[in-house]
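To start, the structure itself, in structure tokens.
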Amino acid sequence: YVNKPPCKQWYQRRVRDIRSEGQQPAVPGVCSSWLRGISVGEEMFVYKRRNEKFRPADGNCVMIGAGTGVAPFLGFLDHFAVSAPQQQQQLRHRRILITGNRYKTLDSIYRDEFNRYLSEGVLDEYFAAHSRDEGSAARYVQDIIRCHAEKLSEVLEDGVVYVCGDAKGLSVAVFNTIVLLVSEGRGIDVKEAEGLVNENEENGKVL
């Protein structure tokens, strides 16, 4: 999601050539390398799949993305940053970002950008999990959800939860963790909590 920024600005910020020292030979990405190789004025064709529900929330939200799953949230944060001056005159919304990747030093290529949004007040909180780093406080995004269950529950009451990543792995793991969070928070059995979370999915509160 991009809130109509200048195309050149979006291209410069989102398509980068990043090489890690000591990794030989270099293995270029397929799509990103192709984008880096095209010239100004060249025409390219893009297949766009519309999703009317997966849009920035006008309210409280929790954004959960692992690996390349952070991509839509970069656009969300751009949108929130543009909307921030108007919101200063209105009710302040809470926004929490949770990301997951393998290594902090190699994979967190947008960490500085997320921290900048945090310092500017666009984000209220930013948590990162690193699955391959020894001694990491959180290895997976569901570890963060469990660790900050009370805080996230407050946002879940009247906000939206976005999950973006591996549909077979991440989405299922996050869904099950949210079910347990709801079950423990409301003192109900897991089956009833699962029904509530499914209902929230149907109502567009868990996407």
Residues 65-76, side-chain donor-acceptor partners within the protein, below 3.5 Å, at least two apart:
none

Test side-chain contact (heavy atoms from CB on, under 4.5 Å) applied to Glu42 - qualifying residues, sequence neighbours left out | Ile38, Ser39
Phe127 side, atom CZ; Cys147 side, atom SG - distance, nearest 0.5 Å = 8.0 Å
Test log, rule side-chain contact (heavy atoms from CB on, under 4.5 Å), inputs Tyr103 and His130 = CA-CA 5 Å; Tyr103 301 102; His130 308 290; over 6 Å; no
Roughly how far apart are Leu207 CG and Met63 CE, rounded to 0.5 Å?
-> 13.0 Å
With sequence neighbours excluded, residues passing salt bridge (Lys or Arg N to Asp or Glu O under 4.0 Å) with Lys151 = Glu125
What are the two closest non-hydrogen atoms of Tyr162 and Ala57, and how far apart are they?
-> OH-N, 2.9 Å
Pairs where residues 173-188 contributes a residue and the test salt bridge (Lys or Arg N to Asp or Glu O under 4.0 Å) is met, not counting sequence neighbours = Glu157-Arg186
Would you check if Ile98 and Val62 make a side-chain contact, meaning some heavy-atom pair closer than 4.5 Å?
-> yes
Got a second to check how far Ile64's CD1 is from Thr177's OG1, nearest 0.5 Å?
-> 8.5 Å
Identify, with sequence neighbours excluded, every residue that meets side-chain hydrogen bond (donor to acceptor under 3.5 Å, both in side chains) alongside His148.
-> none
Run the numbers on Tyr117 and Asp124 for side-chain hydrogen bond (donor to acceptor under 3.5 Å, both in side chains), then give the verdict.
-> CA-CA 9 Å; Tyr117 281 126; Asp124 289 282; over 6 Å; no
Minimum heavy-atom distance between Phe114 and Leu123, given as atom pair plus value | O-CD1, 3.9 Å
For the residue pair Tyr110 and Thr99, establish whether any side-chain heavy-atom pair is separated by less than 4.5 Å.
-> no
Would you list the atom pairs, donor with acceptor, under 3.5 Å between side chains in residues 188-202 and any protein atom, with sequence neighbours excluded?
unit_1 : atom_1 : unit_2 : atom_2 : d
Asp189 : OD1    : Lys191 : N      : 3.2
Asp189 : OD1    : Glu192 : N      : 2.7
Asn198 : ND2    : Glu194 : O      : 3.2

With Asn115 via side-chain contact (heavy atoms from CB on, under 4.5 Å) - residues at least two apart = Arg111, Leu118, Tyr126
Please answer: with hydrophobic residues joined when any side-chain heavy atoms are less than 4.5 Å apart, are Ile109 and Leu97 in the same cluster?
-> yes
The reported gap from CD in Glu150 to CG in Leu181 (rounded to nearest 0.5 angstrom) is 10.0 Å
Among all residues two or more places apart in sequence or in another chain, which pass the salt bridge (Lys or Arg N to Asp or Glu O under 4.0 Å) test with Asp133?
-> none
Are the side chain of Ser183 and the backbone of Val179 linked by a donor-acceptor contact shorter than 3.5 Å?
-> no
What distance separates Phe175 CZ from Leu180 CG, expressed to the nearest 0.5 Å?
-> 10.5 Å
Exercise: identify the closest heavy-atom pair between His79 and Pro56 | CD2-CB, 3.5 Å
Only counting residues at least two apart or in another chain, list the ones meeting side-chain hydrogen bond (donor to acceptor under 3.5 Å, both in side chains) with Asp158.
-> Asn60
Asp143: side-chain hydrogen bond (donor to acceptor under 3.5 Å, both in side chains) partners, not counting sequence neighbours | Arg146
For Ala173, the side-chain contact (heavy atoms from CB on, under 4.5 Å) test, sequence neighbours excluded, returns Gln142
Do Cys61 and Val161 come close enough that some side-chain heavy atom pair is under 4.5 Å?
-> no
Val141 and Gly100 have their tightest heavy-atom pair at CG1-N, 3.8 Å
Could you tell me which non-hydrogen atom of Asn101 sits nearest to which non-hydrogen atom of Lys104, and how far apart they are?
-> OD1-N, 4.4 Å
All side-chain contact (heavy atoms from CB on, under 4.5 Å) counterparts of Ser131, not counting sequence neighbours = Arg102, Tyr140
